[in-house]
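The structure under discussion appears below in the form of C-alpha cells.
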Amino acid sequence: MTEVKMKLNGETRSASVPPETTLLKMLRESFNLTGAKLGCDVGDCGACTVLVDGMSVNACLMLANQVDGREVLTIEGLATVEYLHPVQEAFETFASLQCGFCGPGVIMSAKALLDENPDPTIPEIRDALSGNLCRCTGYTKMIEAIQDAARILRAKEHA
Ligand code: FES
Ligand code: FES
C-alpha cells in the first residue's frame with residue numbers, strides 16, 4: 001500500500017491505497033468524492049477532470065501517489081451550501097447542461113481557464129474545453145456561461 005497525503009479541497013487528507021490506484025479511483029472510493037466521473041478511463045473524455053496545483057488533469061490518467069504533497073481541487077471543493085462558484089451559477093442561469101455527466105469536468109476546466117486567463121476569447125474557451133467531450137449540448141451555452149462568469153469574476157476583482 002502507498003500512503004498519499006495531500007491538501008484535498010482545502011483540507012489535509014490522507015489515504016492508504018494500492019500503488020496502481022488512479023487519482024480518480026482514490027477520490028471516488030477513498031473519499032467518496034463522486035463528482036469527477038469515470039467515463040472513458042483512457043484520457044479521452046474529460047469527465048474525470050480535477051485540478052492539481054491549479055492545473056486541470058484527467059484523474060483517470062494520474063496515479064494517486066502522484067498527488068502526494070500536492071493540492072487537489074474537485075468539483076465538491078468549489079461550492080458550499082450558501083455559495084456556488086460563478087461558473088456554476090452561470091451554468092445554471094444559461095441552462096448549459098443537459099444530462100450533466102460531463103458537467104463537473106467541464107466546470108473544472110473552465111475554472112482552471114479563468115484562474116489563468118480572466119478574459120478569454122471564444123477560441124480560447126473552446127481550446128480549454130477541447131479535452132471535455134459533451135454528447136448533449138453542442139457547447140454554445142457552456143461558452144456563453146463561461147463568458148458571463150468571466151465578466152462577473154472581473155467585476156468582483158475590480159469592486
Ligand atoms: Fe478520464 Fe475519460 S474518464 S478522460
Ligand atoms: Fe450530457 Fe454534456 S450534458 S454529456
Side-chain angles (χ1 to χ4, degrees), residues 2 4 6-9 13 15-79 84-117 120-153:
T2 307
V4 182
M6 79 219 90
K7 193 167 251 194
L8 176 57
N9 295 338
R13 304 291 301 270
S16 188
V17 293
E20 69 278 10
T21 303
T22 64
L23 172 57
L24 181 62
K25 191 173 166 71
M26 178 176 73
L27 291 172
R28 292 179 60 87
E29 295 182 10
S30 299
F31 297 108
N32 206 23
L33 295 171
T34 56
K37 300 286 182 272
L38 177 61
C40 65
D41 209 14
V42 291
D44 284 340
C45 75
C48 62
T49 304
V50 299
L51 306 193
V52 175
D53 293 338
M55 303 269 295
S56 64
V57 302
N58 290 329
C60 71
L61 291 185
M62 270 188 106
L63 290 173
N65 63 28
Q66 289 179 284
V67 300
D68 189 48
R70 301 173 75 180
E71 276 192 39
V72 179
L73 183 69
T74 72
I75 190 80
E76 290 88 348
L78 270 196
L84 283 181
H85 188 278
V87 173
Q88 293 172 302
E89 292 229 18
F91 268 56
E92 194 176 329
T93 304
F94 285 77
S96 301
L97 296 171
Q98 290 180 28
C99 79
F101 189 81
C102 67
V106 171
I107 288 169
M108 295 312 285
S109 292
K111 177 185 163 39
L113 169 69
L114 298 185
D115 286 349
E116 175 91 19
N117 177 357
T121 62
I122 290 176
E124 285 170 338
I125 296 172
R126 284 193 182 280
D127 191 49
L129 300 189
S130 61
N132 295 92
L133 297 186
C134 175
R135 291 182 300 181
C136 306
T137 68
Y139 298 93
T140 305
K141 289 183 178 199
M142 291 180 184
I143 292 167
E144 288 170 359
I146 292 167
Q147 288 182 301
D148 191 60
R151 272 192 294 275
I152 288 166
L153 284 163

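Start at 1 and go down the list; that is how both ligands and their atoms are numbered. If you're wondering where the values come from, they're calculated on a predicted model, not measured in any experiment.
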Notebook entry, point to check: Is atom 2 (Fe) of ligand 2 less than 2.8 Å from at least one N/O/S atom of Cys102?
Noted result: yes

Notebook entry, point to check: If you round to the nearest 0.5 Å, how far is CG of Asn132 from OG of Ser56?
Noted result: 7.5 Å

Notebook entry, point to check: If you draw a 6.0 Å radius around NZ in Lys37, do more than 12 non-hydrogen atoms from other residues or ligands fall strictly inside?
Noted result: yes

Next item on the list: Indicate, as side chain, backbone, both or neither, the part of Asp44 found under 4.0 angstrom from ligand 1 when only non-hydrogen atoms are considered.
Entry: backbone

Check: Thr137 heavy atoms, cut-off 4.0 Å: which ligand 2 atoms fall inside?
Finding: 3 (S)

Next item on the list: For Gly43, counting its heavy atoms only, list the atoms of ligand 1 lying under 4.0 Å from any of them.
Entry: 4 (S)

Next item on the list: Only one of Leu8, Val57, Asn9, Asn58 passes side-chain contact (heavy atoms from CB on, under 4.5 Å) with Val50; say which it is.
Entry: Val57

Notebook entry, point to check: Near Cys40, which atoms of ligand 1 are under 4.0 Å from a heavy atom of that residue?
Noted result: 2 (Fe), 3 (S), 4 (S)

Next item on the list: Between Asp41 and ligand 1, find which residue part has any heavy-atom pair under 4.0 Å and reply side chain, backbone, both or neither.
Entry: backbone

Next item on the list: Using a strict cut-off of 4.0 Å, indicate which atoms of ligand 1 neighbour a heavy atom of Gly39.
Entry: 3 (S)

Notebook entry, point to check: Against heavy atoms of Arg135, which atoms of ligand 2 measure under 4.0 Å?
Noted result: 4 (S)

Notebook entry, point to check: Just which atoms of ligand 2 are under 4.0 Å from any heavy atom in Gly100?
Noted result: 1 (Fe), 3 (S)

Notebook entry, point to check: With no hydrogens and no angle check, is any side-chain donor or acceptor of Lys141 less than 3.5 Å from a backbone partner on Tyr139?
Noted result: no

Notebook entry, point to check: So does Gln66 have more than 12 non-hydrogen atoms from other groups sitting under 6.0 Å from CD?
Noted result: yes

Check: Of the backbone and side-chain N, O or S atoms of Cys48, does one lie nearer to atom 1 (Fe) of ligand 1 than 2.8 Å?
Finding: yes

Check: Quick check: does Cys45 put an N/O/S atom under 2.8 Å from atom 1 (Fe) of ligand 1?
Finding: no

Next item on the list: Looking only at non-hydrogen atoms, find the nearest pair between Cys45 and Gly39 and report the distance.
Entry: SG-CA, 3.8 Å

Next item on the list: Specify the closest pair of heavy atoms between Thr34 and Arg28, including all atoms of both residues, with the distance to one decimal.
Entry: O-NH1, 3.1 Å

Checklist line | Atoms of ligand 2, numbered as shown, that sit under 4.0 Å from any heavy atom of Cys134 | finding: 2 (Fe), 3 (S), 4 (S)

Note to self: Taking atom CD as the centre, does Glu124 end up with more than 12 heavy-atom neighbours from other residues, nucleotides or ligands that are less than 6.0 angstrom away?
What the structure shows: yes

Next item on the list: Take Met62 and Leu24 through the test side-chain contact (heavy atoms from CB on, under 4.5 Å) and record every step on the way to the result.
Entry: CA-CA 8 Å; Met62 270 188 106; Leu24 181 62; over 6 Å; no

Next item on the list: Starting from atom 3 (S) of ligand 2, locate the nearest protein heavy atom and write down its residue, its atom name and how far away it is, to 0.1 Å.
Entry: Gln98 N, 3.3 Å

Notebook entry, point to check: At a 4.0 Å threshold, what atoms of ligand 2 neighbour a non-hydrogen atom of Cys136?
Noted result: 1 (Fe), 3 (S), 4 (S)

